[in-house]
There are 2 protein chains.
Amino acid sequence: METASTQNNECPVARTLDVIGDRWSLMIIRDAFDDIRRFSEFQKSLGVAKNILASRLKALVEVGVFDVRPASDGSAYKEYVLTEKGQEIFPVVVSLRQWGERFLFEPGETRSVLLDNASGQAVMPMEVRSASGAKLGPLDCHRLRRVDGES
Amino acid sequence: METASTQNNECPVARTLDVIGDRWSLMIIRDAFDDIRRFSEFQKSLGVAKNILASRLKALVEVGVFDVRPASDGSAYKEYVLTEKGQEIFPVVVSLRQWGERFLFEPGETRSVLLDNASGQAVMPMEVRSASGAKLGPLDCHRLRRVDGES
DNA sequence: CGATCAGGTTTTTAATTGAAACCAGTTTAG
DNA sequence: CTAAACTGGTTTCAATTAAAAACCTGATCG
């Protein structure tokens, strides 16, 4: 599944894409945020071939994004639930969603929107911010190669 | 390139992944945020086959993420620069990066980090927020199907 | 003028995807 | 209690896609 070129890459973006960056993984995770847990539910929702779904779920479990556990309804079947690591993908999915909402829909076109349960209002657009809270664009940042844990 | 199943999907996440959700597109865009502009620079940075790079750049230009224009150094060659639509992918790339930094590196391992030019400090972790500014987790939100522009 | 470089395209081969059939264990309906 | 249907897959095979390498055209450099 992983390519040797990106696997040991020191760029975190590359590593992330290697783990969850294929066509279906992020769709599966999106569904999981919508409380889908069982194989057949994922398959119905996504329309993906069962062999592909099986291989993706297996990979996502191996990498620690999902846990497999007995179904909560007491049946003998399994369910796939996001680990904390998986839940923390939420900002990625929301930023993908917001970009699509803004640039990929015609005015008047039907779409699904993400609402805050408490207020019923749409969530805020996500922004990159500096330590002091200022909004940062791509030109306000730079990458630096660094060893973690250095003094 | 696009699948019929996701193309007319009303889920913005699905549409976004259809446009920029393949193995290389987001890597190309990440490089663009790092001021890479020319074909040969992308190729050298990514190590991707030239035909794949060419097809991705072409698709990304068609979809309005990149503009092609004459090289800024006055030579007869081209360069690929992000449109506004492309620049707005920044939050997606940063959230991918931050997830990878947090979950995909061992302590002490070399990585690249993203710093604010002004302060030299790392950027803040991205968060999903409600209209009132409260941090929202996946359980605090729900999706709703809606027609845009309704009164 | 010849060599080299930028920016691809074409060809060929390898890997991945997806559809469909199949299958074992589980649950439900009668 | 038994047959039918459902769950969660695996296997097989055809078709699509990706990747490597060779090739090509025009631009630039020496």
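Chain letters run A, B, ... following the sequence lines, proteins first and then strands; every chain starts at 1.
Rounded to whole Å, atom P of C/dT16 lies 18 Å from atom CG of A/L53. The distance between atom CG of B/L60 and atom P of C/dG8, rounded to the nearest whole Å, is 13 Å. Summarising the geometry, the separation between CG on A/L46 and C1' on C/dA19 is reported as 16 Å, rounded to the nearest angstrom. Summarising the geometry, the separation between CG on B/D73 and P on C/dG7 is reported as 9 Å, rounded to the nearest angstrom. In this structure, A/R56 atom CZ and C/dG18 atom C1' are separated by 11 Å, rounded to whole Å. In this structure, A/D22 places its CG atom 9 Å from P of C/dG18, rounding to the nearest Å.
The two atoms that bring A/R143 and B/S112 nearest to each other are CD-OG, 4.0 Å, heavy atoms only. Between A/E10 and A/P12, the closest heavy-atom pair is O-CD, 3.3 Å. Residues A/L136 and A/R129 come closest through the heavy atom pair CD1-C, 3.7 Å.
Of all nucleotides listed (D/dA18, C/dT17, D/dA27), C/dT17 comes nearest to the side chain of A/I52.
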* Structure fact -> Heavy-atom contacts, protein to nucleotides 5-16 of chain D, under 4.0 Å, summarised as B (base), S (sugar-phosphate only) or - (none) per nt, yield -BSBBBBB----

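Listed by first then second residue, pairs satisfying salt bridge (charged side-chain N to carboxylate O under 4.0 Å, His left out) with a partner in residues 89-99 of chain A read A/R97-A/E101, not counting sequence neighbours.
No hydrogens or angles considered: nothing links the side chains of A/D67 and A/T83 as a donor-acceptor pair under 3.5 Å.
Between A/W24 and C/dG18, a side-chain N or O to OP1/OP2 separation shorter than 4.0 Å is present. One finds no side-chain N or O of B/R23 lying less than 4.0 angstrom from the OP1 or OP2 phosphate oxygen of D/dT17.
Ring centroids of B/F33 and B/F90 are separated by less than 6.0 Å, placing the two rings close together.
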